[in-house]
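Just below is one structure, and these are the notes that go with it.
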Amino acid sequence: MSAPVLVSSPPAPQSVPVGSLPAVSVQEAANTGQHSSSGLATAGFRTARYLLEEWQQGSYTAFYRAAADRDSSERARAQDKQLAAEAEARAQRSQADGTRKLGERLLDIHYWRSELARESGELAAETELLLQQRDRLERALDTSEIPLSIASDNLQCRERRQGAELVRDGVEVELLQEVELIRNIQELLKRTLEQTIQQIRMNRAAKETLEMDWSDKVEAYEIDDKNGRYNNQSTEIQFHPNSSKYEDNTTTPDSWAQFSHDNIYKAERERLASINLRSLIDNILQDTSQDMRTQCGAVDHAFAKRCEEVEDARNKLEMHLKKTLGEIGDQENNIAFLKQAIKDKEAPMKVAQTRLYQRSYRPNVELCRDPVQFR
């Protein structure tokens, strides 16, 4: 029965749409000022009592305040939903972009890993070829001792020649030139061998650098490939609070690519130097072998010429010896003949001496130096 009396204005709506609510302005409640009925004037007559209008105004104020609070809450919930949706979209876009960039990074790593592996393989093959050249140099250096010992033995044997045969002839000149040539070749081979060993060390050092870089990229590829497979449903994901900080030893993409580029460039430079050295070794071995063959031919020709000269001199000496021996025989016969002839003159000598002796006994003036005496 009190409802028609209390409610003098339309009741407050139970729920108001958010879009139709007016702007909320906070106003001071009516009959609450200095001259209201709640003041001191009514003290003692109606303590803690309000007028009906005051009660209605308080109810309306509470209704509208609740509606405004619900409206603000609904707007906050709508904004929160929109913010959550935007954050979800940004997170998905960021994750997709990160996955895409991981894929691009994997392609870059794969490219440099392939280049490093290719260059490492080529450098290993080149080092193996250079090792073969080193073995050729060592064999050539060992083999050069044989002709050197032969030439030295020939010189020592020729020192045993006697008398006028100990002559500095063409053979000795060629043998001395051969010894000097072989020693110069040995020095050249030793220097080239040292250079080859040093180049092998440099090739292996460059290959080790490539392999270390390749190994790091293989590990990085495996890590990034594993990271690229992670998603929101992965069971291995967890929080890592300090994972977003930059380490002191991190590199930039440019310096990262430049590092591998420099390693490959150094390896290519060493590989080209090794190729040039192998070509130089081929030329050295070919030239030194040709020089030794040429000098060996010169020594053989000098020996042949000297043997012809000695053979001719020996033949001439044998011929003259034969003639001399014949002449000696003839001269011995002549001596015997002369001795016989001298012996045959002993009788005429005796006759002449006997005549002179007998005539020396002529007497007096008859001892005359007449023609018979002189005759």
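Values in this document were obtained by computation on a predicted structure and should not be read as measured data. Basis for what follows: all heavy atoms, side chains included, without hydrogens, waters or symmetry-related copies.
- Using a 4.0 Å cut-off between a side-chain N of Lys or Arg and a carboxylate O of Asp or Glu, D169 and R161 qualify as a salt bridge.
- A single hydrophobic cluster is not seen to contain both F303 and V173; linkage of ILVMFWY side chains at heavy-atom distances under 4.5 Å, directly or through other members, places them apart.
- Counting non-hydrogen atoms of other residues, nucleotides and ligands closer than 6.0 Å to CD of E165 gives a total of 12 or fewer.
- Using a distance-only test at 3.5 Å, with no hydrogens or angles considered, a donor-acceptor pair links the side chain of T209 to the main chain of A205.
- No donor-acceptor distance shorter than 3.5 angstrom exists from the side chain of D97 to the backbone of R93, with no hydrogens or angles considered.
- Residues L280 and L188 are members of one and the same hydrophobic cluster, defined by side-chain heavy-atom contacts under 4.5 angstrom among Ile, Leu, Val, Met, Phe, Trp and Tyr.
- The only option from D213, D108, D216 that meets the side chain to side chain donor-acceptor pair (under 3.5 Å) definition with S260 turns out to be D213.
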Name every donor-acceptor pair, under 3.5 Å, that has one atom in a side chain of residues 309-329 and the other anywhere in the protein, sequence neighbours excluded.
unit_1, atom_1, unit_2, atom_2, d
E309, OE1, R306, NH1, 3.2
E311, OE1, R314, NH2, 3.0
E311, OE2, R314, NH2, 2.3
D312, OD2, K316, NZ, 3.3
N315, ND2, E311, O, 3.1
T324, OG1, H320, O, 2.5

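- Atom CD of E122 has more than 12 heavy atoms from other residues, nucleotides or ligands within 6.0 Å.
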Should L189 and L285 be marked as a side chain to side chain contact (heavy atoms under 4.5 Å, CB included) after you check the CA-CA gap, both sets of side-chain angles, and the distance that decides it?
-> CA-CA 8 Å; L189 292 178; L285 292 177; 4.1 Å; yes

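- Under a 3.5 Å cut-off, the side chain of Q199 and the backbone N or O of E270 do form a donor-acceptor pair.
- In the hydrophobic cluster analysis, where Ile, Leu, Val, Met, Phe, Trp and Tyr join through side-chain heavy atoms closer than 4.5 angstrom, L277 is grouped together with I197.
- When the shell of 6.0 Å around CD of E208 is examined, it contains 12 or fewer heavy atoms from other residues, nucleotides or ligands.
- Here the shortest heavy-atom pairing between K207 and A124 reads CE-CB, 3.4 Å.
- With a 4.5 Å cut-off on side-chain heavy atoms, K266 and R269 count as touching.
- At distances below 3.5 Å, not a single donor-acceptor pair connects side-chain atoms of N334 with backbone N or O atoms of D330.
- With a 6.0 Å cutoff to the six-membered ring centre and a 45° limit on the axis angle, R105 counts as a cation-pi contact of W256.
- A donor and an acceptor atom, one from each side chain of Q92 and E88, are located under 3.5 Å apart.
- Rounding to the nearest 0.5 Å places CG of L107 at 11.0 Å from CG of L102.
- D282 and Q286 share no donor-acceptor pair across their side chains, judged by distance under 3.5 Å alone.
- Side-chain contact check for D344 and Q340: at least one donor-acceptor pair (N or O, by modelled atom type) lies under 3.5 Å.
- Y221 carries R113 over the face of its six-membered ring, with the cationic atom under 6.0 Å from the centre and within 45° of the normal.
- When the shell of 6.0 Å around CH2 of W112 is examined, it contains more than 12 heavy atoms from other residues, nucleotides or ligands.
- The two residues A206 and A267 make their nearest non-hydrogen contact at CB-CA, 4.2 Å.
- Between the side chain of S215 and the backbone N or O of E211 there is no donor-acceptor pair closer than 3.5 Å.
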Go through the steps for D225 and R229 under the test salt bridge (Lys or Arg N to Asp or Glu O under 4.0 Å), then give the verdict.
-> CA-CA 7 Å; D225 181 64; R229 300 177 187 275; 3.2 Å; yes

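- In this structure, the side chains of K217 and H110 stay at 4.5 Å or more apart for every pair of heavy atoms.
- The main-chain N or O of E145 is found under 3.5 Å from a side-chain atom of S149 such that the two form a donor-acceptor pair.
- A donor-acceptor pair is defined here as one N or O able to donate and one able to accept, closer than 3.5 Å; no such pair exists between the side chain of Q238 and the backbone of E236.
- Counting only distance, with no hydrogens or angles, the side chain of T252 and the backbone of S255 share a donor-acceptor pair below 3.5 Å.
- Distance alone, capped at 3.5 Å, is enough to place a donor-acceptor pair between the Q295 side chain and the E174 backbone.
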Would you check, one step at a time, whether the test side chain to side chain contact (heavy atoms under 4.5 Å, CB included) holds for Q373 with R362?
-> CA-CA 12 Å; Q373 183 74 18; R362 290 176 297 173; 3.7 Å; yes

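- Counting only distance, with no hydrogens or angles, the side chain of R204 and the backbone of R201 share no donor-acceptor pair below 3.5 Å.
- The OG atom of S144 lies 8.5 Å from the NZ atom of K190; values are rounded to the nearest 0.5 Å.
- For the residue pair N231 / Q95, no side-chain donor-acceptor distance below 3.5 Å is found, with atom types taken as modelled.
- In the hydrophobic clustering of this structure, L155 groups with V299; members are Ile, Leu, Val, Met, Phe, Trp, Tyr whose side-chain heavy atoms approach within less than 4.5 Å, directly or through other members.
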Tell me, with the steps shown, if L148 and S152 meet side chain to side chain contact (heavy atoms under 4.5 Å, CB included).
-> CA-CA 6 Å; L148 179 61; S152 301; 4.2 Å; yes

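- By the side-chain contact (heavy atoms from CB on, under 4.5 Å) test, E268 pairs with R118, E119, I264, R271, sequence neighbours left out.
- Ring orientation note: the planes of H261 and Y265 are close to parallel, at an angle under 30° on the 30°/60° scale.
- One side chain, R136 or Q133, offers a donor N or O that lies under 3.5 Å from an acceptor on the other.
- Tracing side-chain contacts under 4.5 Å through hydrophobic residues (I, L, V, M, F, W, Y), one never reaches M202 starting from L116; they form parts of separate clusters.
- Taking each heavy atom of T99 and G228 in turn, the nearest pair found is CG2-O, 4.1 Å.
- In this structure, D370 and R359 have side chains that are in contact, with non-hydrogen atoms separated by less than 4.5 Å.
- The shortest side-chain heavy-atom distance between L166 and R158 does not fall under the 4.5 Å cut-off.
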Passes side chain to side chain contact (heavy atoms under 4.5 Å, CB included), R77 versus S73? Steps please.
-> CA-CA 6 Å; R77 284 191 297 105; S73 176; 4.3 Å; yes

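- Salt-bridge check for R100 with E104: passed, with a basic side-chain N closer than 4.0 Å to an acidic carboxylate O.
- Of all non-hydrogen atoms in L130 and R278, the two that sit nearest each other are CD1-CG, 3.6 Å.
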